[in-house]
K.L.:
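This is the structure I want to talk about, given as structure tokens.
In this chain, numbering begins with 1 at the start of the sequence shown.
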Amino acid sequence: MPTLLTATELTVRYGERAVLDGATLAIDEGDRIGLVGRNGCGKTTFLRILAGLQSPDSGDVTRRRELVVSYLPQDFMLDAAKSLEENIRDGAQHVLGLIAEFESLPHDSKRHEQLEHRIITLEGWTLDQRIATAMSHLNCPAGDRRIDTLSGGEKRRVALCRAIVSRPDLLILDEPTNHLDPDSIEWVAEFLDEFPGSFLVVTHDRYFLDRVAKRMVELSDGRFFSHDGNYTDYLLAKAERQAADATIEHKRQMFLKRELAWVRQGPRAQRSKQKDRFERYYDTAAQDGPVIEEDVEFCIPPPPQLGNRVVEVANLGMDLGGRTLFRGFNFTFQNGRRIGVVGRNGLGKTTLLKIIIGELNPTEGTVKTGQLTTFNYVDQGRLQLREERTALEEVGDGTEFVIFGDGKLSLRAYLRRFLFADDRIMTQVKYLSGGERSRLLLARILKNGGNFLILDEPTNDLDLPTLRVLEEALIAFPGVVLVVSHDRYFLNRVCTDVLAFEGDGKIHHSVGDYDYYLEKKKRLTVAIPPRRDQSAAIISTNKSAAHSRVAATKATKLAKPRKLSFKESRELEGMEAQIHGVDAEIVRIEDLFASPDFHLTHATQTRQLTADLAAAKENLAKFYARWEELEAIKAAAERLG
């Protein structure tokens with residue numbers, strides 16, 4: 001494939017820290033790249049260099065002639081003096097410039113023909129239509145709205161529209177799914193599937209990466225590591241790479257151990273060979289071992305004991321802005337439950353959280369809170385950090401310790417658990433990366449304790465390793481967790497229950513994770529329950545066979561309708577438990593591959609675990625096919641009386 005852009009030997013240093021250290025990467029036509037790496041590792045710096053907004057300390061970026069690049073940064077800026085639609089149209093200035101030049105030239109001009117060809121290639125004549133389509137699917141407000149009247153989420157959707165309407169050769173997206181609801185995320189995924197150019201995307205949304213990426217690039221220790229395939233393929237390849245590194249390191253350590261014993265003996269014979277052996281020993285000892293990634297250790301203080309009553313809501317209803325958000329909601333929050341709140345933006349999810357903690361009064365119904373219940377609420381905006389303060393000052397607020405259960409933990413030790421090294425602890429907030437700021441905000445809020453933890457979109461701006469540790473911390477939290485999120489992977493790992501806003505004025509409760517909620521929802525509409533994107537290919541392969549069996553079953557019913565046998569009824573009843581069991585095994589193995597210390601703990605099991613994962617996904621697909629078959633028989637029997 002022809003190359004669009006090549007970054008060669010890029011180096012960028014911030015003080016003593018090199019975020020890019022001789023990094024080299026080529027982007028070709030048709031590339032669908034997912035870029036991953038820890039927060040603060042240099043991803044945003046690299047994107048800014050590609051977009052021409054920053055220069056490296058050394059190294060070069062060569063671009064194809066007339067390459068059009070469109071960039072959605074995390075810290076985007078919109079022109080407050082212009083309307084919403086005018087801001088979106090600004091993203092296609094190069095197209096509008098070509099159209100303006102085209103219209104100013106005489107028809108017989110040679111340049112006129114060249115411009116027309118270029119405009120057609122960029123789909124310039126359908127720009128207005130594409131803007132309207134993007135605004136509709138991303139749920140943007142009216143085009144004449146002023147920018148200063150928009151919420152943070154609405155501004156981000158406008159910025160995303162602006163980035164994609166220009167039909168660039170290279171589209172660079174930094175966290176495009178933040179603040180988007182599931183329907184909008186799905187539309188963005190479909191847009192990227194059909195996108196004719198190349199794109200590079202940074203996102204924490206693991207399902208989104210599995211869906212859109214065909215090549216994964218990891219930025220680690222200042223360098224790029226490229227892997228073909230999507231995010232799941234990358235995890236497997238990285239695990240194999242770490243296993244190989246662990247084997248090499250083990251051999252190196254064994255060699256050093258043997259040679260050290262020889263050196264200590266002080267041999268005197270054969271001096272020339274001695275010298276060679278000494279040199280080989282010191283050369284090997286000077287080599288660096290594999291880099292071991294540190295993990296954030298989310299430090300949620302042990303919560304106080306909950307009483308028999310946690311929170312009970314009865315007949316809850318809320319009207320806001322002249323419309324009804326929900327009615328007749330009844331729910332009892334119980335200790336140990338982790339409840340995910342899902343649904344499109346604007347349906348009342350955040351409003352429900354604020355009613356529960358007492359910030360808003362419901363239109364009808366009651367909220368009864370137990371005497372021992374203590375809320376800790378992390379809202380979407382979180383707290384505003386003070387730029388001139390150090391990380392230590394921001395978390396400490398004049399104190400030197402964090403109350404941790406019956407004891408205390410020093411602020412420095414507390415911040416180290418959030419991956420702040422000593423030099424970063426004393427760094428001013430204005431010099432911290434976006435990821436470090438997110439971790440600092442969480443550290444500041446989570447130190448407040450509480451036994452009822454409420455998180456509104458906690459996954460935004462967190463890197464994948466940090467997300468995994470947050471998930472584990474919430475799973476281990478011995479209180480109640482209520483979390484609003486659009487991150488499907490996060491919801492599946494964390495949640496025991498789902499409260500779903502489906503746009504019908506009701507809040508639907510489902511026991512189980514998010515995938516199970518979707519399965520049950522589709523069962524009610526006589527549809528095939530979906531599974532994780534990772535196993536989509538396997539399920540697709542088995543669906544055709546399942547459809548054939550169902551078709552045969554239906555043909556038999558036309559001749560002589562039948563009901564499920566006793567054995568089949570028992571099989572159907574136990575199907576959900578079997579699916580949950582296999583699903584849990586898939587999650588367990590995938591989590592092992594995602595673990596930073598995989599090569600230390602499971603290096604020798606890489607091949608077996610890969611085989612076990614493939615077998616589990618195949619079994620899951622078979623269970624779904626059988627479930628569909630039995631449900632079809634049951635549904636037909638019920639329809640016929």
K.L.:
Do the non-hydrogen side-chain atoms of H94 and L122 ever get within less than 4.5 Å of each other?
P.N.:
yes
K.L.:
Are D60 and T8 linked by a side-chain donor-acceptor pair shorter than 3.5 Å?
P.N.:
no
K.L.:
Give me the ring orientation class for W187 and H137: parallel if the planes are under 30° apart, tilted from 30 to 60°, perpendicular past 60°.
P.N.:
parallel
K.L.:
With a 4.5 Å heavy-atom cut-off, do D21 and D221 have their side chains touching?
P.N.:
no
K.L.:
If you measure from CD on E29 to CG on D169, what distance do you get to the nearest 0.5 Å?
P.N.:
8.0 Å
K.L.:
What are the two closest non-hydrogen atoms of C161 and L138, and how far apart are they?
P.N.:
SG-CD1, 3.5 Å
K.L.:
Between the side chains of S226 and R215, is a donor N or O closer than 3.5 angstrom to an acceptor N or O?
P.N.:
yes
K.L.:
Using the side-chain contact (heavy atoms from CB on, under 4.5 Å) rule, take L127 and R167 through it: C-alpha gap first, then chi angles, then the decisive distance, then the call.
P.N.:
CA-CA 9 Å; L127 177 62; R167 280 292 195 272; over 6 Å; no
K.L.:
I'd like to check I120 versus E116 (side-chain heavy atoms, cut-off strictly below 4.5 Å). Are they in contact?
P.N.:
yes
K.L.:
Does any part of the side chain of L470, heavy atoms only, come nearer than 4.5 Å to the side chain of F490, both counted from C-beta?
P.N.:
yes
K.L.:
Give every residue pair that meets the salt bridge (Lys or Arg N to Asp or Glu O under 4.0 Å) criterion with at least one member in residues 78-88, sequence neighbours excluded.
P.N.:
K82-D90
K.L.:
If you take all heavy atoms of A7 and F46, which pair is closest and at what distance?
P.N.:
CB-CE1, 4.0 Å
K.L.:
Less than 4.5 Å apart, any side-chain heavy atom of I99 and any of L115?
P.N.:
no
K.L.:
With a 4.5 Å heavy-atom cut-off, do L192 and F199 have their side chains touching?
P.N.:
yes
K.L.:
Assess the residue pair L209 and V36 against the criterion (side-chain contact (heavy atoms from CB on, under 4.5 Å)); give the C-alpha distance rounded to whole Å, side-chain angles, the decisive distance to 0.1 Å, and a yes or no.
P.N.:
CA-CA 10 Å; L209 281 176; V36 296; 3.9 Å; yes
K.L.:
Where the side chain of R111 meets the backbone of F102, is there a donor-acceptor pair that is under 3.5 Å apart?
P.N.:
no
K.L.:
Could you go through the side-chain contact (heavy atoms from CB on, under 4.5 Å) check for K617 and I586 one step at a time?
P.N.:
CA-CA 7 Å; K617 288 181 176 179; I586 291 173; 3.9 Å; yes
K.L.:
Where is the tightest heavy-atom contact between I27 and I33, given as atom of each residue plus distance?
P.N.:
CG1-CD1, 4.0 Å
K.L.:
So which heavy atom on A163 is nearest to which on L72, and how close?
P.N.:
CB-CB, 3.9 Å
K.L.:
Main chain of R162, side chain of S166: is a donor-acceptor contact present, judged purely on distance under 3.5 Å?
P.N.:
no
K.L.:
Using atom types as modelled and distance alone, determine if a side-chain donor or acceptor of N230 lies under 3.5 Å from a backbone N or O of A213.
P.N.:
no
K.L.:
Measure the CD1-OG1 distance between I185 and T177 for me, rounded to the nearest 0.5 Å.
P.N.:
5.0 Å
K.L.:
Is the shortest side-chain N to carboxylate O distance from D487 to R206 below 4.0 Å?
P.N.:
yes
K.L.:
Side chains of N492 and Y207: any donor to acceptor distance under 3.5 Å?
P.N.:
yes
K.L.:
Looking at I164 and A134, what are the two nearest heavy atoms and their distance?
P.N.:
CD1-CB, 4.3 Å
K.L.:
Salt bridge check, R156 against E175: does any charged N sit closer than 4.0 Å to a carboxylate O?
P.N.:
no
K.L.:
Without hydrogens or angle criteria, can the side chains of T44 and D174 be said to hold a donor-acceptor pair below 3.5 Å?
P.N.:
yes
K.L.:
Just do the salt bridge (Lys or Arg N to Asp or Glu O under 4.0 Å) check on D513 and R493 with the steps written out, would you?
P.N.:
CA-CA 7 Å; D513 63 17; R493 281 209 68 197; over 6 Å; no
K.L.:
Give a yes or no on whether the backbone of V165 and the side-chain of R130 come within a donor-acceptor separation of less than 3.5 Å.
P.N.:
yes
K.L.:
With a 3.5 Å cut-off and no angle check, do the side chains of T3 and D28 form a donor-acceptor pair?
P.N.:
yes
K.L.:
Strictly distance-based, threshold 3.5 Å: is any side-chain N or O of K43 a donor or acceptor partner for the main-chain N or O of G37?
P.N.:
yes
K.L.:
Please check if the number of heavy atoms outside R344 that lie under 6.0 Å from its CZ is greater than 12.
P.N.:
no
K.L.:
Can you check whether S198 reaches L171 side chain to side chain, under 4.5 Å on heavy atoms?
P.N.:
no
K.L.:
Check whether NZ of the Lys or CZ of the Arg R488 lies under 6.0 Å from the centre of the six-membered ring of Y514 and within 45 degrees of that ring's axis.
P.N.:
no
K.L.:
Compare all side-chain heavy atoms of M135 with those of I88 and state whether any distance is below 4.5 angstrom.
P.N.:
yes
K.L.:
Would one find more than 12 heavy atoms of other residues, nucleotides or ligands at under 6.0 Å from atom CD of E101?
P.N.:
yes
K.L.:
Examine distances only and state if a side-chain atom of S136 and a backbone atom of A132 form a donor-acceptor pair shorter than 3.5 Å.
P.N.:
no
K.L.:
Could you tell me whether K214 and D31 make a salt bridge, using a distance below 4.0 angstrom between a side-chain N and a carboxylate O?
P.N.:
no
K.L.:
Any idea which heavy atoms bring F208 and D205 closest together, and the distance?
P.N.:
N-OD1, 3.0 Å
